[in-house]
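So that the names make sense, note that chain A is the first sequence line, chain B the second, and so on, each numbered from 1. Since this is a predicted model, take the numbers as computed values, not measurements.
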There are 2 protein chains.
Amino acid sequence: MSEKLTIGKLAGATGTKVETIRYYEQIGLLPAPARSASNYRTYEGTHLRRLSFIRRARDLGFSIDQVRELMGLADHRDQSCIAVDVVANQHRDAIRRKIADLTALAGELDALIDSCSRNTVADCRIIEALAPSA
Amino acid sequence: MSEKLTIGKLAGATGTKVETIRYYEQIGLLPAPARSASNYRTYEGTHLRRLSFIRRARDLGFSIDQVRELMGLADHRDQSCIAVDVVANQHRDAIRRKIADLTALAGELDALIDSCSRNTVADCRIIEALAPSA
DNA sequence: TATGCACCCTCTAGTCGCTAGAGGGTCAAG
DNA sequence: CTTGACCCTCTAGCGACTAGAGGGTGCATA
């Protein structure tokens, strides 16, 4: 049905910027489409589906390399999806670790901010905490 | 006492890489030290204190620009430290927002991973969830 | 004294995932 | 036939480093 999209239409349909699409083509994430007589990129349904996949995975925080891996796995429909599960789990674990790190950080900052007497810089506990004990 | 550090000693003392110290000098975050006859950087106590401040602030997740701002504020010891408080608060809030974003993401990934039947890719819910509904 | 090795120097380019800009060409509506 | 929105390529920039090439220096040891 809806074949032959310009890069702008594809961008609109997937919530991606035009420049980003060209970038994905450049790094080999999205296959290069055919060109019109005037050298415009002409995308098909396959591109739309592939880019949607990419966007969704990126929105979930997967790296470009992970997206590449997931797409490679998705293309072998007869194989086990345990490898897919592994990638997703690794990513989820990395996010959980990052959350833990940031939570610890926020706690430290809370303590720092609470200790601020809001007087002069000379006796500011925040500056003091950042400076060495000397 | 312990004056005249080579870049390597300073790196060791602050837990910073040598290249990073040179980078901080290049971007004007750490003042350029004197040079020895053989063109080696020779650091003093002031550099050690300043770099320690930078490291601590960076470890707490402040951006280079924020570190620059904090150091500028710290240098005016007679002024109010409310500006310091503001920078710290902005940063803390940004971190809290990032934690919220990542938590939502981790939840989505949990749901995705739970739905995986661990069969073939063809009926893998993870791939399905990434692909468009078509 | 020679040699080796750890350290230092500068300069450049790479990382990640885009984003922005210059300097053009194309297409469709009014 | 002009205007404005779109398209093209190529290059450089972001943040915060990191890595490498290609060279010089300083000290200990054989």
Side-chain angles (χ1 to χ4, degrees), chain A residues 4-30 32-43 47 50-51 53-71 90-91 94-95 98 101-102 105, chain B residues 4-30 32-44 47 50-51 53-71 87 90-91 94-95 98 101-102 105:
Chain A
K4 309 292 175 197
L5 297 162
T6 63
I7 197 168
K9 301 281 182 193
L10 182 63
T14 56
T16 314
K17 291 195 176 184
V18 165
E19 294 82 6
T20 305
I21 295 176
R22 285 197 280 250
Y23 169 71
Y24 285 164
E25 177 182 327
Q26 193 192 308
I27 62 168
L29 194 60
L30 192 65
R35 297 293 182 116
S36 74
S38 53
N39 202 30
Y40 283 21
R41 287 171 178 83
T42 52
Y43 294 96
H47 293 104
R50 209 157 175 95
L51 183 54
F53 185 103
I54 294 168
R55 286 303 316 166
R56 178 92 183 105
R58 293 286 303 127
D59 284 348
L60 284 169
F62 287 98
S63 71
I64 296 274
D65 270 357
Q66 284 174 321
V67 175
R68 231 187 272 273
E69 192 177 350
L70 286 173
M71 289 199 305
Q90 282 172 349
H91 180 46
I95 288 177
K98 185 159 278 177
D101 287 351
L102 288 177
L105 222 56
Chain B
K4 309 292 176 195
L5 296 162
T6 63
I7 196 168
K9 301 282 182 192
L10 183 63
T14 56
T16 315
K17 291 195 179 184
V18 165
E19 294 81 6
T20 305
I21 295 177
R22 285 197 281 250
Y23 169 71
Y24 286 163
E25 178 181 327
Q26 193 193 307
I27 62 168
L29 194 61
L30 192 64
R35 297 295 183 114
S36 74
S38 52
N39 203 30
Y40 283 21
R41 287 169 179 84
T42 53
Y43 294 96
E44 325 250 343
H47 292 103
R50 207 154 176 95
L51 182 54
F53 185 103
I54 294 168
R55 285 305 313 165
R56 177 90 182 106
R58 292 287 303 126
D59 285 347
L60 283 169
F62 287 99
S63 72
I64 296 275
D65 271 356
Q66 285 174 320
V67 175
R68 232 186 272 272
E69 192 177 350
L70 287 173
M71 288 199 305
V87 173
Q90 281 172 350
H91 180 46
I95 288 177
K98 184 158 277 177
D101 287 352
L102 288 177
L105 220 58

- Query: Tell me: CZ of Phe62(B) to C1' of dA16(D), nearest whole Å?
  - Reply: 17 Å
- Query: Looking at the side chain of Arg55(B), which of dC17(D), dC18(C), dA16(D) is the nearest nucleotide?
  - Reply: dC17(D)
- Message: Measure CD1/Ile27(A) against P/dT19(C) and give the value in whole Å, please.
- Response: 12 Å
- Task: Calculate the interatomic distance between Glu25(B) atom CD and dT18(D) atom C1'; express it in whole Å.
- Result: 17 Å
- Using a cut-off of less than 4.0 Å, is there contact between a side-chain N or O of Ser38(A) and OP1 or OP2 of dC27(C)? yes
- Task: Side chain of Glu19(B) only, please: which of dA19(D), dG26(D), dC18(C) is the nearest?
- Result: dA19(D)
- Query: According to a strict under-4.0 Å criterion, is Tyr40(A) in side-chain N/O contact with OP1 or OP2 of dC27(C)?
  - Reply: no
- Looking only at side-chain N and O atoms, does Thr20(B) come under 4.0 Å of OP1 or OP2 in dT18(D)? yes
- Message: Expressed as a whole number of angstroms, how long is the span from Arg35(A):CZ to dC27(C):P?
- Response: 14 Å
- Item | Residue whose nearest DNA chain D nucleotide is more 5′ - Tyr23(B) or Tyr43(A) | Tyr43(A)
- Between Lys98(B) and Asp101(B), is the closest basic N to carboxylate O distance under 4.0 Å? no
- Quickly work out the Arg41(A) CZ to dC7(D) P distance and round it to whole Å. 10 Å
- Message: Without decimals, in angstroms, what is the distance between Leu29(B) CG and dA16(D) P?
- Response: 10 Å
- Task: Would you tell me if any nitrogen or oxygen in the side chain of Arg22(B) comes within less than 4.0 Å of OP1 or OP2 on dC11(C)?
- Result: no
- Message: Looking at His91(B) and Leu60(B), would you say the former's side chain and the latter's main chain have a donor-acceptor pair under 3.5 Å?
- Response: yes
- Message: Please pick, from dT18(D), dC8(D), dT19(C), the nucleotide with the shortest atom-to-atom distance to any side-chain atom of Lys17(B).
- Response: dT18(D)
- Message: If you assign each of Lys9(B) and Gln26(B) to its closest nucleotide in DNA chain C, which residue comes earlier from the 5' end?
- Response: Lys9(B)
- Item | Minimum-distance nucleotide to Ile7(B) side chain [options: dA16(D), dC8(C), dC18(C)] | dC8(C)
- Query: Do any N or O atoms from the side chain of Thr42(B) and from the backbone of Ala34(B) form a donor-acceptor pair under 3.5 angstrom?
  - Reply: yes
- Message: Whether Asp65(A) and Arg68(A) form a salt bridge (side-chain N of Lys/Arg under 4.0 Å from carboxylate O of Asp/Glu) is what I want to check.
- Response: yes
- Would you indicate which nucleotide in dC17(D), dT19(C), dC8(C) comes nearest to any side-chain atom of Thr6(B)? dC8(C)
